[in-house]
Each structure stands twice: as structure tokens, then as C-alpha cells.
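This structure is a prediction, so every number in the text was calculated from the model and none was measured. Just so you know, these numbers use all the heavy atoms, side chains as well, and skip hydrogens, waters and symmetry mates. Naming: A, B, ... by sequence-line order, numbering from 1 per chain.
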Number of protein chains: 2
Amino acid sequence: MNTTVLDKRAPEARGSSDTAARILDAAEKLFAEHGFDGTSMRLITSVAGVNLASVNYHFGSKEGLFQEVFRRRLTELNLHRLAMLDRAEAAAAGAPLKPSAVLEGFFGPALDMAADTERGGHTFMRLLGRTYTEPAEFVRKFMADEYAQVVARYTDALYRSLPDVPRAEIMWRFHFMMGAMSYAISGADSLELVTGRFDDDPALLKPRLAAFLLGGLRAPLPDGHGMRGEPARQAD
Amino acid sequence: MNTTVLDKRAPEARGSSDTAARILDAAEKLFAEHGFDGTSMRLITSVAGVNLASVNYHFGSKEGLFQEVFRRRLTELNLHRLAMLDRAEAAAAGAPLKPSAVLEGFFGPALDMAADTERGGHTFMRLLGRTYTEPAEFVRKFMADEYAQVVARYTDALYRSLPDVPRAEIMWRFHFMMGAMSYAISGADSLELVTGRFDDDPALLKPRLAAFLLGGLRAPLPDGHGMRGEPARQAD
DNA sequence: GTATGATTCAAACGAACGTTTGATCTGGAT
DNA sequence: ATCCAGATCAAACGTTCGTTTGAATCATAC
């Protein structure tokens, strides 16, 4: 492996050889485009410009590479989300947050990452949305672990901010919002598929999605099998 | 191929041999579970209980099989959607439809199909949601053709029912709604992934999603980079 | 029965897959 | 100069992939 008890490489290279980084970047892009099974090790290594065997050397296996592609971004993303929530709750001093503040904390960092086309954030978010729908056996437990705490914190915050909405409803609406976000990110690609060519300012995506999510989250509750009910009471 | 100029088989078997049907059912289930690349011909034929070569005989290739799995369900689904819209528009006699009626016409048939766990509708809808996020090259054009007319009709109807909402906004919100629906259908599978075990009455899904979608569709417009704006005016 | 075309079958094809191997290279420590 | 662990490399491993082949089977028309 690349890190042992005695690592004699130069400090700036320790823990992230150029080779490993090139592999991760190429893999992220290719997995997002063609999926896990659709992307061969030979394609990854040829795009990265490294030797075929170096993936197994640095990451153990193709699955190990896939997990590492996820880990490096998802950990950062979820830490960011938790920090946003911490800050908002500290500022509220015990009072329930506004729903819009909760949504901003959870979906804001994801959309910001998706807007970053230079450092590969956009590529990763497309991969994430895609993987959520095709939960490869060996990713599920990993994803569950990474997400468990974040989702628990945020659904709690949502419940406190909308006390009239039952918990089960909060869970479902959270799920619906994740779907909308996922499609928002795959965005133009799929929109073209269904609507023909489609040009738009990427900067408008975030407010657009925020408005939609907030409207859905605060919608009147269903009454059983119709769609009427009293609006959930909460300013903003 | 199975249909030639002179087909001498019994009428009840013409055009859909038992073998072909068994292959389609097995393939639908396996593609939904493991994706296109993750499902081998040998697995499909062994689950279907037919000879390996029969896929190429009946469908030409693996891709041909995949397309036929989509075609048989998607054609029916979209015809159903168009019929719903025709009926609603005829009843309205030229007046704009209520947004809830438009949504019911588009998302209702899909959710109904997703609720059908016996005839395989649920399986197919999971496959559809999944494929939308991983648009295999050779499916895109096919999907675009199948969807073009339906989406055009429905976005027109939505625009007429919400004249204060700009067309671009309608397109995006339609896209967001498709994402929410897709996740709603993958539903419990993914919810468990993120929230731990989760039990719920499947019959409640439709009203739940309907309420959420309607709230999002009718949300106040974004103002550029915040999330405020006047509500879109429309009763219901 | 015999002929005929549709269908099924076991077997094999070459190509591509993920992984392993053992040699070779590299650069700092002694 | 020597050593040695980390890193890279070309080559090969055995397996699985989608597809093709040619013979066997089946059902129908004559």
C-alpha cells in the first residue's frame, strides 16, 4: 500500500501519490458517465495515463476504488452539511429553525458542489444521484453509514420547524426532495432528453430548486386519498 | 425472427411465444435489480428457463431485448397519459385545467403502474427511474421519441393552468417533479438506506406525492438568487 | 407420411473482463 | 556505493461476456 509505518516519500506526496489522484479523477468521471459495471479498469487507467495494475496496487480492487471515489467527496459534503446546521442552530438559540434555513443547510452544499465544474464536484454529484438509484450491494452499507447521522439531524430539525407535519410525512417529503435535487443536478442532460435542446443559466438552478422544495415541503397535508387538507402552519 | 410473412403458428401464440414472454419478464426484473451491464444473458435465460441462444433469436441482441422491455410498457403508459389528458381537456371545454388535474393525468398512471406488484408494473417503474439516471447511449433516442409528444402536451397544459409561471420555470418544475416521482417509486428501498427500517402503507404514497408535487409546482417564484416572490395565482 | 419453416438446443467462438505476477525502476538512508 | 521499500511496468492468468453455428425438434400444410 502507499502508506506504511515508515513513509519515506517527500511530505507533499505522502498519502496521495500523483498516480492515485489521477486514477480517482478519471474514475469519478467515467463512473458518472458509464456506471460501475460499464467502466473497465483498462479504460480508467488509460484515461488516467497510468499502468493497469496501479489501481489494484493503490486501492486493492475496482470496488475499493469506487468506494474511495465516494468517500473523499461524501465525507467532505456531509461535514459541510453538519457545520451549516450547527451554525444555524447556534444562531437560533434553541428556537426552531425556519424550514428554508434547514433546506439551505442540506441542499445548499450539494448544489454548490454540483455547481463546481472545475474541481470535479459536478461530476461527483451526477455520480451520486446515479448511484442512489442503482444501489450496488457493496455501496449500500457504506452510504447508510455516511448518511445516517446527517439525515437524522436534518429530519429532526425539519420536524421541529414544522410541528404540524407528522414525522412519517417529513421522512417522505425529505425523500421526495432528494429525488428532485438529484434530477436537478443531472439536469440539463435529462431535460434535453425529454424536451429537446435546453439552454439556461446554471446560477438560476439553486433558487429554482429552493422555491420548489420549500413549496413541496410546506404543502397542505394529504387527507388519505385526495389531496386536500390544511396548510402546514409556519411563516416562511 | 419470430414473425415472417407466413406465420404458421397458432393464433394465440403468434407474435408472443411463451419463450419470448418469459424472457421479457425475467429481463425486466433483472435489469431493474442489477442494471443493463450488470445483468448477463446467461442469468436472464437461466431465470427464464430458456436456452441462451433464444434471446438473440427473438430479440436480435441484448440491446434489442432491453428496448423491447421498455417499449411494451412505456407505450402503454404514455397512451394512458394522453388519454387522461384528452378526457380532462374535453371535460373542461377549452378552459384551462386545474394543476391538480394535469398532475393526476401524468403522474397518476405511473403511480398506478408502480402500485401493480403482480403484473410487474412496479418492477418496470423501478427500471424506468433507474434508466433515466443512467441514460445508456442507445436508449436516449428511443426514450426521447417515446416521451416527446407526451411531455409537450403536458407542459402546454401546465402552462395554461398556471399562466403566471414562466415557461422555463414550468419545464424545470416538471423535471423536479419527475425526480420526486422517481424516488417515490424506488421508495422504501432507498428510504431504508437512509433512515433505517421503514414501514408504511403503499396506498398512501399517491396522495403523499400528489400533495408534495402540487405544493412545489405552485410555489412562489424565485426572485433570482433568494427564494422569495409572489405566489403563482391559481385556485386549487 | 413427407416436406417446410419456425423454434430450441448444446457447443463453441473470439473478445474483454478484473486480477496477479515477477521483473524493473526510483529515491532517500546508511 | 549499497541497500531497500515503494512504485511502476509489461505480460499473462483464468473467467465471463455476447454472439454465432449447425444440428435436432416441433408443429403445420400437403
Write down the distance between [atom1] ([X]) and [atom2] ([N]), rounded to a whole number of angstrom.
{"X": "B:His34", "N": "D:dT16", "atom1": "NE2", "atom2": "P", "answer": "16 Å"}
{"X": "B:Asn51", "N": "C:dT8", "atom1": "CG", "atom2": "P", "answer": "9 Å"}
{"X": "B:Tyr57", "N": "C:dG5", "atom1": "OH", "atom2": "C1'", "answer": "9 Å"}

Does [X] come within less than 4.0 Å of [Y], counting only side-chain N to carboxylate O?
{"X": "A:Arg72", "Y": "A:Asp25", "value": "yes"}
{"X": "B:Glu68", "Y": "B:Arg71", "value": "yes"}
{"X": "B:Lys206", "Y": "B:Glu104", "value": "yes"}

>> Could you walk me through whether A:Tyr183 and B:Tyr183 satisfy the ring-ring contact (aromatic ring centres under 6.0 Å, His included) test, starting with their C-alpha distance in whole Å, then the side-chain angles of each, then the deciding distance to 0.1 Å, before giving a yes or no?
In response: CA-CA 10 Å; A:Tyr183 272 45; B:Tyr183 271 44; 7.1 Å; no

>> Walk along nucleotides 18-23 of chain C from 5' to 3' and tag each nucleotide B, S or - by protein heavy-atom contact under 4.0 Å, base first, then sugar-phosphate.
In response: BBBB--

Looking at [N], I'd like to know if its phosphate oxygens (OP1 or OP2) sit under 4.0 Å from a side-chain N or O belonging to [X].
{"X": "B:Ser54", "N": "C:dT7", "result": "no"}
{"X": "A:Thr19", "N": "D:dA7", "result": "no"}
{"X": "A:His58", "N": "D:dG6", "result": "no"}

> How close do A:His122 and A:Ile185 get, heavy atom to heavy atom, and via which atoms?
Replying inline: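 Scanning both residues completely, I find the closest heavy atoms to be CE1-O, 3.8 Å.
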
> Should stems be defined as at least three consecutive Watson-Crick or G-U pairs with both distances under 3.5 angstrom, which of them involve DNA chain C?
Replying inline: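 Result, WC/G-U stems under 3.5 Å: C:1-30 with D:1-30.
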
> Taking A:Thr131 as the fixed residue, which of A:Phe31, A:Phe66, A:Phe36 is the one that meets the side chain to side chain contact (heavy atoms under 4.5 Å, CB included) rule?
Replying inline: A:Phe66

>> Classify the ring geometry of A:Phe124 against A:Phe70: parallel below 30°, tilted from 30° to 60°, perpendicular beyond 60°.
In response: perpendicular

> Can you check whether B:Glu33's main-chain N or O pairs, donor with acceptor, with B:Arg130's side chain at less than 3.5 Å?
Replying inline: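 Between the backbone of B:Glu33 and the side chain of B:Arg130 there is a qualifying donor-acceptor contact (under 3.5 Å).
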
